[in-house]
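One structure is given here, and the rest of the page talks about it.
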There are 2 protein chains.
Amino acid sequence: MKKINVKKGAVLQRIGDISSKVFLVESGLLRSYIIDDKGKEHIYMFGPENWLVADSCEPNTPCQLFIDALEDTIINVATKEELLKEGPDLTALLKRLDTMQNRIIMLMSSNAKKRYEHFTKTYPNIIQRVPLKMVASYLGITPEALSRIRNELSKKK
Amino acid sequence: MKKINVKKGAVLQRIGDISSKVFLVESGLLRSYIIDDKGKEHIYMFGPENWLVADSCEPNTPCQLFIDALEDTIINVATKEELLKEGPDLTALLKRLDTMQNRIIMLMSSNAKKRYEHFTKTYPNIIQRVPLKMVASYLGITPEALSRIRNELSKKK
DNA sequence: AGTATTTCTTGATGTACATCAATGCATAGG
DNA sequence: CCTATGCATTGATGTACATCAAGAAATACT
């Protein structure tokens with residue numbers, strides 16, 4: 001585990017990389033995302049304090065995700081091999097599975113408005129820290145659609 | 001790890017259950033799914049031979065998934081606590097993370113046709129074993145939409 | 001501070017998919 | 001064997017979102 005500082009905008013991993021490291025965020029904010037075949041970004045995950053950010057590709061296969069820093073960030077870096085030797089943090093792994101399961105369920109069963117409401121409840125601090133278009137990207141909608149949803153929700157009250 | 005036989009149609013877990021067991025499929029086919037607030041089913045995962053089927057909810061929280069058998073199935077059952085003691089199968093865990101990451105990426109970045117094509121490539125045997133409406137449910141579309149996609153694809157050739 | 005760039009919003013239009021309804025087929029159970 | 005139930009398909013219509021375009025507002029850059 002090596003501690004490093006990265007500046008906002010720094011790229012930690014590119015699609016196709018084989019290295020496949022694991023980043024434990026101490027402070028700041030990372031994101032992982034993909035770029036689809038139309039060149040559109042889709043945010044896979046935000047990584048604020050205490051989150052673990054990594055591509056879950058199997059060892060020695062090319063990564064599918066970009067990872068970069070949305071803020072100046074302090075991270076602890078390790079290779080997957082190192083982590084496996086040390087005996088990985090099972091609690092963290094289970095939490096991660098839970099998070100991903102929730103994300104899948106959300107994507108499958110809720111419309112954009114509900115996904116947004118769920119997001120604001122689950123990650124109340126993140127929404128203050130990133131542009132709305134990134135929230136839209138995480139939710140799987142366009143910035144325009146998110147703008148309209150927020151508009152509608154604010155009128156209701 | 002206790003080995004049990006279940007008949008097609010048997011329900012192994014219900015939403016809200018706290019027990020939260022892990023099922024390792026030896027032969028047959030399980031599925032896990034949710035029911036949304038409109039009463040609609042969404043298949044979360046199919047569990048054929050050698051798959052691990054479980055709700056990834058954190059220990060001692062209520063499950064979000066139903067789990068039942070789509071065929072007569074032989075499974076090994078364990079509680080999460082047991083598995084954690086034994087030292088879990090890390091390779092299986094990593095594979096599971098990879099699967100879920102792929103599922104999320106699919107749901108976010110591909111249209112129904114691409115998701116279907118990806119599914120048929122990735123799980124060629126499952127499509128023969130379940131009704132198409134379940135494939136549709138897994139893909140996040142209606143049976144009607146799937147029917148039209150298949151129609152279109154078969155004409156192309 | 002002033003300019004450039006990104007971000008957000010609003011409107012008009014388009015489209016992928018859902019919903020609803022009807023029909024033909026297969027399958028299962030008495 | 002006959003009937004009931006579930007499954008797949010097709011057509012008509014509806015809708016949630018995307019796309020495109022333009023302008024306003026915020027942010028970053030020199």
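First the proteins, then the strands, lettered A, B, ... as listed; each starts at 1.
- Across all non-hydrogen atoms, the minimal contact from B:Ile67 to B:Ser32 is CG1-CB, 3.9 Å.
- Taking the six-membered ring where the residue is Trp, the centroids of B:Phe46 and B:Tyr138 are separated by under 6.0 Å.
- With sequence neighbours excluded, the residues that form a side-chain contact (heavy atoms from CB on, under 4.5 Å) with A:Ser110 are A:Met106, A:Lys114, A:Arg115.
- Between the CD1 atom of B:Ile141 and the C1' atom of C:dT19 there is a distance of 14 Å, rounded to whole Å.
- Remark: C1' of C:dA18 and CG of B:Leu139 are 15 Å apart, rounded to the nearest angstrom.
- A pairwise comparison of heavy atoms in B:Pro48 and B:Ile126 identifies CG-CD1, 3.9 Å as the closest pair.
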Between the protein and nucleotides 4-10 of chain C, list every N/O to N/O distance that falls short of 3.5 Å.
| unit_1 | atom_1 | unit_2 | atom_2 | d |
| --- | --- | --- | --- | --- |
| C:dT7 | OP2 | A:Lys133 | NZ | 2.6 |
| C:dC8 | OP1 | A:Leu132 | N | 2.8 |
| C:dC8 | OP2 | A:Leu132 | N | 3.1 |
| C:dC8 | OP2 | A:Lys133 | N | 3.0 |
| C:dT9 | OP2 | A:Ser147 | OG | 3.2 |
| C:dT9 | O5' | A:Ser147 | OG | 3.2 |
| C:dT10 | OP2 | A:Asn151 | ND2 | 2.3 |

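- Between B:Glu152 and B:Lys113 the shortest side-chain heavy-atom distance falls below 4.5 Å.
- Among the heavy atoms of the strands, none lies under 4.0 Å from A:Lys38.
- Counting to the nearest Å, the C1' atom of C:dA18 and the CD1 atom of B:Ile149 are 12 Å from each other.
- Rounded to an integer number of Å, the gap from A:Lys114 NZ to D:dC17 P is 10 Å.
- Legend: residues meeting salt bridge (Lys or Arg N to Asp or Glu O under 4.0 Å) with A:Lys3, ordered by chain and number and at least two apart, are A:Glu26.
- Partners of A:Arg14 by side-chain contact (heavy atoms from CB on, under 4.5 Å), not counting sequence neighbours, listed by chain and number: A:Val11, A:Asp17, A:Phe66.
- In this structure, B:Asn111 atom CG and C:dG14 atom C1' are separated by 16 Å, rounded to whole Å.
- Distances shorter than 4.0 Å separate none of the side-chain N or O atoms of A:Lys40 from OP1 or OP2 on D:dA18.
- Residue pairs meeting the side chain to side chain donor-acceptor pair (under 3.5 Å) criterion with at least one member in residues 62-72 of chain A, sequence neighbours excluded: A:Arg31-A:Asp68, A:Gln64-B:Asn102, A:Glu71-A:Arg129.
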Sugar-phosphate atoms are those with a prime plus P, OP1 and OP2; base atoms are the rest. Using that split, label each nucleotide of nucleotides 22-30 of chain C B, S or - for protein heavy atoms under 4.0 Å, 5' to 3'.
---------
